[in-house]
Amino acid sequence: MNFDTGHIAWMLVASALVLFMTPGLAFFYGGLVRAKNVVSTIMYSFMSMAVVSIVWILWGYSLAFGDSLIDIGGSSLLGDFKFFALSNIGAGGEGIPDLLFVVFQMMFAIITPALITGAFAERFKFSTYLVFLVFWITLVYAPICHWVWQSDGWLFKRGALDFAGGTVVHLNAGMAAVAAAWLVGKRRGETEGLSAHNVPFVVLGAAILWFGWFGFNAGSGLSANFQAVNAFLVTNTAAAAAMLTWTIVGYLQTKKFSAVGAATGAVAGLVAITPASGFVDASGALAIGVTVALVCYFSAKFMENSKLDDALVVFGVHGVGGLWGALMTGVFALESVGGTKGLIEGNGAIMIEQIIAVLATGAYSLIATLIILKILDVIPGLGLQVAEQTESAGLDVSEHGERGYVQDVAD
Amino acid sequence: MNFDTGHIAWMLVASALVLFMTPGLAFFYGGLVRAKNVVSTIMYSFMSMAVVSIVWILWGYSLAFGDSLIDIGGSSLLGDFKFFALSNIGAGGEGIPDLLFVVFQMMFAIITPALITGAFAERFKFSTYLVFLVFWITLVYAPICHWVWQSDGWLFKRGALDFAGGTVVHLNAGMAAVAAAWLVGKRRGETEGLSAHNVPFVVLGAAILWFGWFGFNAGSGLSANFQAVNAFLVTNTAAAAAMLTWTIVGYLQTKKFSAVGAATGAVAGLVAITPASGFVDASGALAIGVTVALVCYFSAKFMENSKLDDALVVFGVHGVGGLWGALMTGVFALESVGGTKGLIEGNGAIMIEQIIAVLATGAYSLIATLIILKILDVIPGLGLQVAEQTESAGLDVSEHGERGYVQDVAD
Amino acid sequence: MNFDTGHIAWMLVASALVLFMTPGLAFFYGGLVRAKNVVSTIMYSFMSMAVVSIVWILWGYSLAFGDSLIDIGGSSLLGDFKFFALSNIGAGGEGIPDLLFVVFQMMFAIITPALITGAFAERFKFSTYLVFLVFWITLVYAPICHWVWQSDGWLFKRGALDFAGGTVVHLNAGMAAVAAAWLVGKRRGETEGLSAHNVPFVVLGAAILWFGWFGFNAGSGLSANFQAVNAFLVTNTAAAAAMLTWTIVGYLQTKKFSAVGAATGAVAGLVAITPASGFVDASGALAIGVTVALVCYFSAKFMENSKLDDALVVFGVHGVGGLWGALMTGVFALESVGGTKGLIEGNGAIMIEQIIAVLATGAYSLIATLIILKILDVIPGLGLQVAEQTESAGLDVSEHGERGYVQDVAD
Amino acid sequence: MVKIEAVIRPEKVNVVVEALEKVGCGGFHLLNVTGRGNQKGIEIFVGRGTSSATRSSLPKTLVVTVVQDRDKDKVIEALIDANRTGEEGRIGDGKIFVSPVSEVVRVRTGEKDNKAL
Amino acid sequence: MVKIEAVIRPEKVNVVVEALEKVGCGGFHLLNVTGRGNQKGIEIFVGRGTSSATRSSLPKTLVVTVVQDRDKDKVIEALIDANRTGEEGRIGDGKIFVSPVSEVVRVRTGEKDNKAL
Amino acid sequence: MVKIEAVIRPEKVNVVVEALEKVGCGGFHLLNVTGRGNQKGIEIFVGRGTSSATRSSLPKTLVVTVVQDRDKDKVIEALIDANRTGEEGRIGDGKIFVSPVSEVVRVRTGEKDNKAL
Ligand SMILES: Nc1ncnc2c1ncn2[C@@H]1O[C@H](COP(=O)(O)OP(=O)(O)O)[C@@H](O)[C@H]1O
Ligand SMILES: Nc1ncnc2c1ncn2[C@@H]1O[C@H](COP(=O)(O)OP(=O)(O)O)[C@@H](O)[C@H]1O
Ligand SMILES: Nc1ncnc2c1ncn2[C@@H]1O[C@H](COP(=O)(O)OP(=O)(O)O)[C@@H](O)[C@H]1O
């Protein structure tokens, strides 16, 4: 027990910041949908705070960070129940209390499934969603988290780099989004030509995400030290570069400066820098920010005409952005920053690890999410998509008994 | 003068977080009222930041944390004027500067009267409210704060547990709300069937409250240490458990998942864990969260049909929740966490103290608030409820000369 | 390399807080304009986060804090390119890493031009604005920052006091606002009788600004120490005093309690305390808060009838408030707080320095901004004011291809 | 058949709706409008709470109901009763406009005219 | 000329707009209203998700188009087609009101009546 | 009595209100509508700023005033004057519809018809 009050102070704040990202996401997504689904969309994110907080301290943390439950040749696939209901976590720790690590990691587990909800917004049954949250954290998030971040985890052991969650959080959510959009099915009625119902909310959400992301990335070293400062800077730099790139590319293509585009660009930059934030410097961040904006912009454009109704482009932004970030981490990693050389410093081997990590986590997330949803779909009383009337009247009224906005008068 | 920069860093942030809760409350309450009163409702909370900040540094802090002015057998009832206008507060302190304690406590004094405003929303005269703020902080908040948190205070001396303000803040506000709703009278016109005019604002407010509450509770130990980490965790756990419970109970009763209900549940959980956050562990927090949601849900339901027009259910959430939290602190306190055994560890005596604290603070708050309001009611030029026309046109236009939302066109 | 984790923790948070102020400003300004320009107004602030973040790390920081490039008798007018693209900034530093200073200062550079945008809101061409941002940071902000805060800077050497940016940020933005309002020209059509289209957004913005301002001022000492605590307290005190004063004066004049007025008062108080926050105590803050509210209130009132269409009263609040704050810093500085005596402690000389600083920075900002804008006006393809049709349809639709709010139905 | 349109105070909506139902008029719709008549406008702040202007128009609600000719008078009476403030009435109590309707169709059934009401 | 006003379900707006254009009616405007008819109201929470009330009125959209007399019937038919739910229709499918218009002016050109449509 | 309804550009509201008052028409109400005529729609982004669609309808304002028959022409003229853009007019300048009103009642006093205007 050798605590540093400065580290504790920073990690308390970082945890609060990451928690705050989830309502930020609720507004980012909530602003993008039609007004009749704003409450529903916000609730998807908001409820993750309730459900995942409980699952995490009961068994989620243990599955993710416990000792090896399933072991293949010294590499672990899943944690055991050592920390079930926070047992065996005392008041000890190095630098910060172990309990603070539990808390910080909890905030990551909360936001990840919330990210997925953009894919099935405006049509997913809320009761099923509550059940989905429990299973998804247990069967998808916790294992992948274990692979990548637990010292026994098989990807961690191979040496894959993921500082703050490019694969664990973003690629994972992005692939789960594909599974969800696919199985849930398209929104009924005309969905072309829809635009964000509340642009200020979109920007508010993006701003809160940006603000909270400092905790996400600069907290991932668990210390108030130089690496945290660097992570803070590269986070801001990539967000800025991607936002600017997206805005300009959008302008070149449409002659307009879309605020939704700018916000999306910023988020794409934040996604891509996430795995890299402990390994690259500001020039790497610039490169990552500019390229991810290009890659995601054209992904998003391409997805518009796709058959998959990924309503809020979760795959296009978090899937593709997480993938790109994971690969670019391998490219731009600097020994002087995070202790590992990247491709530009001549270490080609790291790229293999990054590719393996991307393939393994992406495929697992896709398949496991498909299976979970398929099962939920056939369980009587559950099912994925709401009834047609519910959907056309808006989920707010039908599922939540509320209307987002009520005027006083002729109402 | 033996400062720890880590403690200072954390407490600066905690103070900022608690200050931020008050605008959070403004949005929570502001979203719940009718659109024609949104500015008025927001202003009640927002102005507390202006008025109480000044009162606190002039005399509020001194009355709350000064040496004993009124003393009964070694137990103090009120602070003296030793710290009037911050005199006698130098640059000293243990761990953190004494001045930082003044600041941190100020933020609590700001939000407490703002909580009350939910009871008389949509009808209380704003000019009277400004006067009320000054008297209430002076005559109600400062004394109760002194009893519970000053080392000479009579409840503190008896050993009552209130880590972050279950009695001082929430029960106090809840009982004052009863007094206010009663004396101000009901809103005129039909008030049944009213629903929140802006659900996103309600969630935004609740999210900011949750975020800020980490400062509220985890800051109340004044240190960046293990106790702060534990307080952080139990705060989050109780909020999550209560939110989930409220949502599910609401669903069982109505077949809908109310977002306003979820937000209210979260706040109820936060209220109840407040006094306990330095004394219980996560399992206590789970128990407190689940039970407070049940208790407050049915209180809120019961209050709907009550004669008291407690417009935004302040008594039901903060009064009942604060009471429940104070009692449960006595039940679930663990020696290993906060140094005091609770009922479950066999210490029945603590329950007596908790009950005394609840009765004393609740009764004093109720009676003193009644007296203050009665006097303000009869002073010529003041008075409590606005004129009928003012009320029916909405307080925004009549009292504030503003409309919350103005469309560009036919307006 | 002698880092203190507490200082680092605080400065990481302070940086995040200051960054968060810019979206806060976006909402403060966004709520004040007409609904048809809300996206445009928000985008002006939001895009500064993208553009200035990049400019700052490439050359802005170096021009501001590099060694002397232009030197007159040992006093420097501009930094050199030593830190171009963050070269020569290693992992060193005293207390905090030098890189963290780069980050913290970046956040100031982001918000300053965003402040200006209130002057030309509802009519400034967005493409020109992007170019303007680059030039203004390079040619106006960086030099003034160098003069006042770099140890070689000529105003710093003379001994002018500006703790957190009264001249560098606020007076600078306020004078640039005059230049911009003047050159861009008035909004077309009727602009009298316009009122804020979304008062809750105005309050939300002001609240975020207040919250973030704790980082702005209490972070400007770069340490988690007593001075930071004092800066935190005086910041809150001045904001509260100014908000209360503005509200009461407004009430005396109009018999209404304007929420927009309260928010503006709070901002005026925050502006004025900015330069003083490391030098005065709470009584100085009270005096500054009360007086700046009076001064700015009547400036704002006076500006209403002025020929200059400073749409959101940037000069009235930031220009006048920054000026007043800079002068009052000289008046109320206490040796015991910041090491420098002010006028009330008999040091008249400091007033001379404050006046020189105000005149020099104000005049330079006005003239340099005029020149930049004049050039941008005549460059083919750029130009300052949008076409009349664009303006009357609203900039949201015309420049950004978006509408702030879209209802589902007859839309 | 006639269309009866009444401009009323927004705060009266519930009372009016009840009055209409009591008099047997179960079909109507409501709109938010802003209007001006003898009652001019409301004072709203402009600037920063530093001065106020009388905005041109007041928020009003428009109640629209199409009724059979023979119900016209009792509906108008009900509307007057529900909207007049006090004995004397106050400026801004509203106005009622009646105009002819030549055809009504119920989409669901295709029923026409009086049957569709 | 006649004015055709149809109260429709908000979610039908796009379908109705297409139907109108198909039938050659290129001029119309739309309004948000709330209404009540046989279909009474929607359940909305009051309080804190603890109980719900049937709000008095439903969100509806009003489509207004002024057409030449000879186009009246085909427009009405198009509106019925676009709005009837299923074979049987459902309560709340809406109503159509037709009323006379005596004059139309196109502001741009000053053209009048049928030419202005 | 006649009802004059004009679909105008929202940005013209103030000008129109002034024009109406100048011509002695002190009673009217305004509504937000969206409409389509020769002027089709506005380009608005869909997706993430990656492509735009022409939304079906444009925001317009509907001005409604009921006037005595003899005032009809001067009100129409005033509306044309206030709304025509430039010499030639521009697409989207709006349209005016006139229809008969059979009865007017002032709620406050019970006054009828021309007296109630
Ligand atoms: N001639 C009119 N045409 C259309 N609407 C009108 C007319 N006159 C009044 N109104 C509407 O009726 C409302 C009430 O009218 P007002 O003249 O203020 O009432 P009162 O007759 O009681 O003084 C006005 O706000 C306006 O919306
Ligand atoms: N007499 C009426 N006058 C005005 N609007 C009406 C009238 N009757 C119905 N409406 C409008 O039409 C909508 C549909 O009417 P409703 O009676 O529910 O349909 P249905 O005839 O299919 O049962 C209502 O919500 C209301 O807005
Ligand atoms: N036949 C109509 N019925 C109802 N509203 C109409 C009709 N024609 C046009 N409008 C309304 O008038 C507005 C202006 O019409 P538009 O044809 O664009 O003008 P212009 O005749 O100057 O080209 C439209 O946006 C629509 O709201």
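Note on naming: letters A, B, ... go to the chains in the order of the sequence lines (proteins, then strands), and numbering restarts at 1 for each one.
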Could you verify whether a donor N or O on one side chain and an acceptor N or O on the other, from [X] and [Y], lie under 3.5 Å apart?
X: Asn236(A); Y: Trp210(A); answer: yes
X: Thr138(C); Y: Trp59(C); answer: yes
X: Glu402(C); Y: Ser258(A); answer: yes

Check: Phe108(C) ring centre within less than 6.0 Å of Tyr141(C) ring centre: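 No; Tyr141(C) has its ring centre 6.0 Å or more from that of Phe108(C).
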Interface moiety of [X] toward chain C, non-hydrogen atoms closer than 4.5 Å:
X: Val260(A); result: both
X: Asn230(A); result: both
X: Ala263(A); result: both
X: Ala239(A); result: neither
X: Ile208(A); result: both
X: Leu286(A); result: side chain
X: Thr247(A); result: side chain
X: Asn198(A); result: both

Sort [X] into side chain, backbone, both or neither according to what part of it lies under 4.5 angstrom from a heavy atom of chain A.
X: Leu86(C); value: side chain
X: Met47(C); value: both
X: Ser15(C); value: both
X: Phe27(C); value: side chain
X: Glu399(C); value: backbone

Test item: Thr112(C) and Trp136(C) side chains (from C-beta on) under 4.5 Å apart, heavy atoms: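 Yes, their side chains come closer than 4.5 Å.
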Gap between atom NE2 of His7(C) and atom CH2 of Trp10(C) - 0.5 Å precision: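 If we round to the nearest 0.5 Å, Trp10(C):CH2 and His7(C):NE2 are 12.5 Å apart.
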Side-chain donor/acceptor of Asn88(C) to backbone N/O of Lys82(C), under 3.5 Å: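 Yes; judged by distance alone, with no hydrogens or angles, the pair exists.
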Flag, side chain of Asn2(C) to backbone of Glu94(C), donor-acceptor distance under 3.5 Å: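 No; judged by distance alone, with no hydrogens or angles, the pair does not exist.
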